[in-house]
Amino acid sequence: MAAGRWVLRWALAAAAAVAATLALDNGLARTPPMGWLHWERFLCRTDCATDPHSCVSERLFAEMADVMAAEGWREAGYEYVCIDDCWMAPRRDESGRLQADPKRFPSGIRRLADYVHSKGLKLGIYSDVGNKTCAGFPGSYDHYELDAQTFASWGVDLLKFDGCNSGSLELLAEGRGGPERALRWEYSAESSSSRPRVGSRELLFPRAYSFKGFAYKSRNFFDVYDSWRSIKSILDWTALHQDSIVKIAGPGGWNDPDMLVIGNFGLSWDQSVTQMAMWAIMAAPLFMSNDLRHLRPEAKWLLQNKEVIAINQDPLGKQGYQITKDKNFELWERPLSGRAYAVAVLNNQEIGGPQNFTFSLTFLGNGLACNPACSIRQVLPASRDWGVYSWVSSLSVEVNPTGTVLLKVAVL
Ligand SMILES: *[C@@H]1O[C@H](CO)[C@@H](O)[C@H](O)[C@H]1NC(C)=O
Ligand SMILES: *[C@@H]1O[C@H](CO)[C@@H](O)[C@H](O)[C@H]1NC(C)=O
């Protein structure tokens, strides 16, 4: 049982005010989970009469599952179709169970889960540790056991357990609080499920906690927005806290900088490349929040890029970190299996044209990444072999403003 470790991780992550994704180290989430989540793009749109195409409804999730199965997303690794806040009816039913909004989910979650499973995908659902969800729907406080049973009986595969309205951090973190009990439901959900135990259920905490009086700067900071400013603030925050958060990431528990917003409205091409590259460096869960039914081809190319996804999913399971930063550039690396490294060069300059960043290869991997020699392949913004370099070489990387060049360095 990984309970102790899990709770400890949760507490550490919370103490560091990190938006963390935590899952049980039960053989699941060996690599960062991947999928689609409705929140950033579709928020809490509940008026299906005026907005049938994008209200939070069974139709939205079924259509997303259709596209994920038909257009290569499942094969690329995106396996979860995740419901976020606002799926519920405003009240529990007469036996105290959560119920889906009957107008927007007329077939019910059980049927939706069956449908999603028939497409070879998994269904994620959302609840909250406190008395109410962030959007004011019924929370799980005082109903942990029942809600776990309910989700299990519906065949749900993943739970995002939000932290709005949950009282003090101490209440939750110290021993008998919500998450630890939630952990136990996870096990009971497992055993009371009629689905075969194929190792599917996970507890994830993909969003920041909204603990009152706790030392994070603002909600805006933690929830990703469809903007470069938001992406940058997440990267800056991660770099600032890397000494405490990088070491706790690994199979079973991944730090979560929040959703991929590539394919929406706010990021340029170079900024989209930066998000994809840096989410791979950070070993971040890859949950897209966009409209897969209407996606520009270049966004699809980027989100389905096999080489970047392979870096994100690298089996060594180590999160990357920033090595150095000057006023224009950031240099990051992530150790990969086979003694390889992923290396990202990010250009922070928001003016002018492409600029070169030149650095010695001895900077990488504590001097070991290219010792005595290495081959370098560029993965983003386009794939290209750069050839063989020796330990004493320096590298000049040309990067567009707000863009990133992602490289893979393999020692020879
Ligand atoms: C939820 O509401 C009950 C009743 O008002 C209260 O006792 C409890 O502390 C609340 N839970 C949280 C996590 O705030
Ligand atoms: C960056 O360096 C390369 C190789 O030295 C050179 O060809 C290129 O023109 C440089 N780019 C800029 C913007 O200075």
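One-based numbering, in listed order, for ligands and for the atoms of each. In this text the structure is predicted, and so the values were computed from the model without any measurement.
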Ligand 2 polar-atom proximity to protein (N/O, under 3.5 Å):
unit_1   : atom_1 : unit_2 : atom_2 : d
ligand 2 : 2 (O)  : Asn356 : OD1    : 3.4
ligand 2 : 2 (O)  : Asn356 : ND2    : 2.3
ligand 2 : 11 (N) : Asn356 : ND2    : 2.9
ligand 2 : 11 (N) : Glu398 : OE2    : 2.7
ligand 2 : 14 (O) : Asn356 : ND2    : 3.3

Salt bridge (Lys or Arg N to Asp or Glu O under 4.0 Å) filter on Arg104, not counting sequence neighbours, yields Asp101

side-chain hydrogen bond (donor to acceptor under 3.5 Å, both in side chains) filter on Glu350, not counting sequence neighbours, yields Trp228

inquiry  = Contact between Cys374 and Trp391 at the side-chain level, heavy atoms closer than 4.5 Å - yes or no?
reply    = no

Could you tell me whether Phe359 and Phe357 have their ring centroids closer than 6.0 angstrom?
-> yes

Those residues at least two apart in sequence (or on a different chain) that pass side chain to side chain contact (heavy atoms under 4.5 Å, CB included) with Ala135 are Cys44, Asp85, Cys86, Thr133, Phe137

Leu395 vs Val345 side-chain heavy atoms within contact, under 4.5 Å
no

